[in-house]
Structures are given as structure tokens and as C-alpha cells.
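Working notes, structure below.
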Amino acid sequence: MTPAPALQSYIGGRPVPSTSGETFDDIDPATGAVICRVEQAGAAEVDAAVAAAQAGFALWSARTGAERGRILNRAALLLRARNREIAEIEVRDTGKPIQEALAVDVLSGADCIEYYAGLAASLHGEHYQLKGAFAYTRREPLGVCVGIGAWNYPVQIACWKSAPALACGNAMIFKPAELTPRSAAVLAQIYAEAGVPAGVFNVVQGDARTGQLLVRHPGVAKVSLTGEVGTGKRVMADAAGTLKHVTMELGGKSPLVIFADADLDNAVAAAMMGNFYTQGEVCTNGTRVFVHESIHDAFLERLVARTRGMKIGDPLDPETQVGALISPEHMQRVLGYIERGKRAARLVCGGTRVTDGDLARGCFVEPTIFADCTDDIELVREEIFGPVMAVLKFSGEDEVIRRANATPFGLAAGVFTRDLARAHRVVAQLQAGICWINNYNITPVEIPFGGAKQSGLGRENGLVTIEHYTQLKSVYVEMGDVACPY
Ligand code: TXE
């Protein structure tokens, strides 16, 4: 069988071979099968991408917001029409269940493109009436923006970065995570088919080295990263060389607080959503589950019973609820946390790799729950990015707020109670960029998404993101004579 042609970078409206000749494999984590080879982009391709993006920017920024909006709306429709095709690409690249990819990944990307398409024509400056003069501001695009994606939501992250960038008149070079290279290339085709000029959206394939070349390139005005905290710090240091605009969506270790009066079944469902969705590979996951001591045992009993009923299996099977972790290396990392966790807390559910039948070829780990966890153990302090929940008891409101905030992370938080006055009082004190009351991990595009403390800089989604992809120019217009003392 002739091997699939290697996946190349997409620059200036066409696939471009890599001069380095270096390639890497795109592997299906559920089966271990090689899906295709990918050509690693080097300095030559990064230079070409920046040149193409600069040319694309000149064309695209000259279009009106309304024209850009029309084209982006077309792209959103084309994306929706290819939901199943792209969802299956995501499933084979990430290992996540098809039921999730069909319901969320592609469609939330299309929602995002439509949202910013609708805003494109509304971008405007302000006017200031002054004595003998007037001034106004122009909200202008930044130029060439780089988007760097993580592997857990490949196409959604590509849309969350490219949609506001393009709506504002910027050009983008997007580097998907090397473990999930394919869907961004399809998005590039879709933008081209919708009428986005060549060079406005480019996809450069490669690992951290390619990412670093992009971040350090003097022709790049802005970098938007989704990744882990350590990468964020390296990217910020590299971007400092040319003082680039930087926004970052980084890791988390978010608290989920369940008060005694909470709807128990609702809290159990949200805790499962907040820990086992996408095999736990979700940055906002509420992996520190604080339960009021008076309902702890009842909560745990219901949680364990429901979690044991989850279906682990072939991600392409529509019944599957828990798919495969992203790679053998990541699976071993998660299993390492579980093994060490068994010596520090009480394992009440899961805790092993699943190797039944064909699953032995993949990276499947049971949804895992530890009880009697204390604040100082590794399970509670570190981001595991897998299906591992730590359950902790608390007794008082101030106590749980203090413990919930005792982390360098600040991405998200959840509060479960029927007492809404308490809910609002508590979220006001929680150090997190996103808080949910009586639900979890719901991220409509209208709501700004992002972290506090070391979980990120800036926001994605919502109106505020326009400010991350534009800059203001102030213009003073003299209406009278120049008052000059000389
Ligand atoms: O991240 P990595 P991963 C976080 C999540 C977890 C991590 C998992 O919490 O910690 O991301 O994703 C590129 N210069 N979020 O493992 O390793 C790399 O090639 C430039 C948070 O992918 O940080 C990849 O494309 N680029 C999030 C990307 O950075 C570099 C949602 C991320 O890689 C680089 C999803 C460098 N020095 C995951 N080093 C949220 N908050 O929204 C790596 N890369």
C-alpha cells in the first residue's frame, strides 16, 4: 500500500515542502498506528511563512470589516458542513471519544468564527472633542500574529486564535501541536475556499523548535500560546526580545467546591464532567474536589458508582465515554501520578491501565478517584492532565476558600450550592479566571476564557479578545492655528 503523502506546512495558500528533510509521525493513540508522516518546518519555512503572512496582511487589512465578516461567515458554514470528517480526524489524532468531537470540537470552532465575523464590521475607534481641535482613535490590526496550539482541542484552539485575529484584519501563522497536526491543515483549506486570501492563514508544522523560531521572528507582532506553564514562561522570555504582544492559555489545578446544600446528583455529574471529559485532558478541569464533610460519604458513594459505569473503549465507537490518552509518554506520566498517589491517599475507583483486547495497543487509563487527600500531596498540587480526581473534605466557607486559592494556578473554579448569595460571595473571593456556579466546563464563545495567576495572560473569546488582536492609534486634528511660543 502506497504510504500517505507526508503532511507539509501550508504557506501562502499552498503546501510547502520542508527543506530540513526532517519528518515525524502522526500516531493514533488508541491503536498505535502511524496515520501519516509530517514534515518538520525549519527556519526557511518559518521565514517563508512570515513573508507570506506579511503579504497577506497587506491585502486583508485593506478589506473592510464587513467584507472580512462575510468571508469568515462562509468559512464557519463550510466548517460546520465538514463536522463529521474533521471530528474523525480529531478522534484519531487525540484519542478522544467521537461523541465529544462531534458535539463540541468543530462546532464550537464554527461558533467562534461566526462570533468574530459578526464583530468584524463593528470595530471602531472613539472621538474626542477638544478645544480648537478634535482627536480620534483608530483600532488597527497588529500585523502578523502567531498562534501555537496544544493537543487536547486542536481545531477548536486553531479557531479560537485565528477567528479574532482575522476578523480584526491580522494575518496568522498557526502551529498546531506536533501530536495533532492535521485538523489545522483542513481549517486552512476551508479559509481558502471561503475566500480568505493566500498568506492570511498559514499552518506551519513542527515541534517546540519550530514554535521557538516563530516566537523569536522579528517579523511577528504577536504570539498567542495554549500550552503548559513552563512553555508559557519560555515563550514570554523569547517574545521579550522584540517586545511582542503575548496572550497565553496555560495549565490549571482548579477547585470544585461542593457545599452541604448542593444538589448532590448535579454535583456528582459536574465533578465527572470536570475530571473525565476528554480523558481528563482539559486545562480547566476541577481536579481538586472539595466536599463538605457532612455530605462527603454520600457524595463519594454516588460518584464512585456512576464513574464505575463509564464506558472505556474505541474512541470511534459512539458509545465510548472515555477514550485514549494522547501518547504512551503522557499515559506513563499519568500512571506515575496514580502509583505515587496510592501511597499518599485512598484509591476508591480505577487506578489502572486498561489492556482488554485491542485496547492493549492504545493508551487507555480508567477514570480514577482518590479520597482522603490532603492539600500537600502531589495529586492535589500538580496538574496531571489525565482522568485523576482528588477528593478533599472541608468544614468552613473561609477555610475552603483559603485552601482553594493555595496554588500558583488560577484558571477556573466551580461552586455548588443552592444558596446563591453564598455562591456569589465565594466566587468573588476565588482566584480564578473562570468560575461556574452549579455547572462546570461550559464555555460559550461569548464569555471571556482565560486564567489568573500562572494560568495565563489575557483572554480568548468574548469582546475583550478584540483588544488582544488590535492596537489603538490616537490622531489629534488641529482645527485652529498652532499656538507656538517662539
Ligand atoms: O503543552 P506544551 P501540551 C495546557 C494543559 C497542559 C498542556 C498540554 O494545561 O499543561 O497545555 O498541552 C509548543 N516555544 N493547556 O503538552 O508542551 C508545542 O510544540 C514555542 C492549557 O501541548 O506546552 C505545542 O504546540 N512553542 C489550555 C505548544 O507549544 C513551544 C488548553 C504546547 O505545548 C515551545 C489546553 C517553545 N519553547 C492545554 N515549547 C488552556 N488554558 O486553555 C513547546 N511549544
Side-chain angles (χ1 to χ4, degrees), residues 24 26 29 38 40-41 46 93-96 104-105 108 112 146-161 173-181 183-184 203-217 220 223-241 244 246-254 277-287 325-327 329-331 333-334 337 382-386 388 407-412 432-434 441 443 447-461 465:
F24 57 93
D26 177 22
V38 185
Q40 167 91 7
V46 166
D93 270 8
T94 64
K96 68 173 62 184
V104 173
D105 293 57
S108 72
C112 187
V146 160
I148 299 177
W151 43 255
N152 59 338
Y153 284 81
V155 74
Q156 185 197 62
I157 292 170
C159 293
W160 283 18
K161 293 182 189 308
I173 304 168
F174 184 76
K175 189 198 82 64
E178 54 273 32
L179 295 170
T180 55
S183 54
V203 175
V204 168
Q205 300 287 356
D207 58 19
R209 293 168 294 161
T210 308
Q212 200 169 47
L213 288 168
L214 287 164
V215 172
R216 289 181 173 173
H217 200 289
V220 169
V223 174
S224 174
L225 166 78
T226 297
E228 59 95 28
V229 173
T231 304
K233 293 176 180 173
R234 286 185 287 278
V235 165
M236 198 164 182
D238 282 336
K244 291 181 173 66
V246 174
T247 46
M248 297 186 182
E249 298 292 344
L250 306 177
K253 191 72 184 181
S254 302
Y277 201 78
T278 316
Q279 302 81 240
E281 298 167 323
V282 180
C283 51
T284 47
N285 268 359
T287 51
L325 294 177
I326 190 69
S327 69
E329 297 74 24
H330 185 54
M331 176 181 65
R333 186 173 164 275
V334 172
Y337 275 106
E382 297 187 11
E383 181 185 44
I384 300 173
F385 220 57
V388 182
T407 169
F409 292 108
L411 188 53
I434 319 157
N441 266 348
T443 56
I447 301 178
F449 180 96
K453 299 199 283 190
Q454 298 196 21
S455 287
L457 285 175
R459 293 290 180 267
E460 292 191 318
N461 299 342
T465 298

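Residue numbers start at 1 and run along the sequence shown. In each ligand, atom 1 is the first atom listed, and ligand 1 is the first ligand listed.
A search for side-chain contact (heavy atoms from CB on, under 4.5 Å) contacts involving Ser254 returns Leu411, Ala412, Tyr440, not counting sequence neighbours.
Heavy atoms of Leu411 found under 4.0 angstrom from ligand 1 belong exclusively to the side chain. The proximity of Trp151 to ligand 1, defined as any non-hydrogen pair under 4.0 Å, involves the side chain as well as the backbone.
Side-chain contact check for Gln40 and Thr210: at least one donor-acceptor pair (N or O, by modelled atom type) lies under 3.5 Å. A donor-acceptor contact closer than 3.5 angstrom links the side chains of Lys161 and Ser224.
In terms of protein heavy-atom proximity, atom 24 (C) of ligand 1 is closest to Gly149 O, 3.2 Å. At the top of the distance list for atom 41 (N) of ligand 1, counting protein heavy atoms only, stands Leu250 O, 2.5 Å. Of the protein's heavy atoms, Cys283 SG, 2.9 Å lies nearest to atom 40 (C) of ligand 1. The protein heavy atom nearest to atom 8 (C) of ligand 1 is Phe385 CE2, 3.7 Å. For atom 11 (O) of ligand 1, the closest non-hydrogen atom of the protein is Gly227 C, 3.0 Å.
In terms of heavy atoms, Glu383 sits closest to Cys283 at OE2-CA, 4.3 Å. Counting all heavy atoms, side chain and backbone alike, Cys159 lies closest to Cys112 at O-SG, 3.8 Å.
A donor-acceptor pair under 3.5 Å is absent between the side-chain atoms of Lys175 and the main chain of Ala208, judged by distance alone. For the pair Arg216 (side chain) and Val235 (backbone), a donor-acceptor distance under 3.5 Å is absent. When atom types are taken as modelled, the side chain of His330 and the backbone of Gly386 share no donor-acceptor pair closer than 3.5 angstrom.
Between Leu225 and ligand 1, no pair of N/O atoms sits closer than 3.5 Å. Checking only distances, Ser455 never comes within under 3.5 Å of ligand 1, N or O to N or O. Where the criterion is an N or O separation shorter than 3.5 Å, residue side chain and backbone included, Thr231 meets it with respect to ligand 1.
Using 4.0 Å as the threshold, Thr284 has no heavy atom nearer than that to any atom of ligand 1. Gly456 does not count as a contact of ligand 1, since none of its heavy atoms falls under 4.0 Å from the ligand. Taking 4.0 Å as the cut-off, Tyr153 does not count as a neighbour of ligand 1 on heavy-atom distance.
Taking every heavy atom of Lys175 and a limit of under 4.0 angstrom, the matching atoms of ligand 1 come to 18 (C), 19 (O), 24 (C), 25 (O). Of all the atoms in ligand 1, the ones that sit under 4.0 Å from a non-hydrogen atom of Val235 are 14 (N), 20 (C). For ligand 1 and Ala150, the ligand atoms under 4.0 Å from any heavy atom of the residue are 12 (O), 22 (O), 35 (C), 38 (C). Listed by number with element, the atoms of ligand 1 under 4.0 angstrom from any heavy atom of Gly251 are 9 (O). Per-residue contacts place Ile148 under 4.0 angstrom from the following atoms of ligand 1 (heavy atoms of the residue considered): 13 (C), 20 (C), 25 (O), 26 (N), 28 (C), 29 (O).
Atom CD of Glu460 is separated from atom OG1 of Thr247 by 6.5 Å, given to the nearest 0.5 angstrom. The distance from atom OH of Tyr337 to atom CD of Glu382, rounded to the nearest 0.5 Å, is 3.5 Å. A distance of 6.0 Å separates CD of Glu281 from CD1 of Ile326, quoted to the nearest 0.5 Å.
Residues Trp160 and Phe449 bring their aromatic ring centres within 6.0 Å.
The closest non-hydrogen atom to atom 27 (C) of ligand 1, taken over Thr226, Val282, Val215, comes from Thr226. Distances from atom 26 (N) of ligand 1 to the heavy atoms of Pro176, Gly211, Ala177, Ser327 put Gly211 nearest. The residue among Glu228, Glu178, Glu383, Gln156 with a heavy atom at the shortest distance from atom 9 (O) of ligand 1 is Glu383.
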Verdict with supporting geometry, Ile148 and Thr231, side-chain contact (heavy atoms from CB on, under 4.5 Å): CA-CA 11 Å; Ile148 299 177; Thr231 304; over 6 Å; no
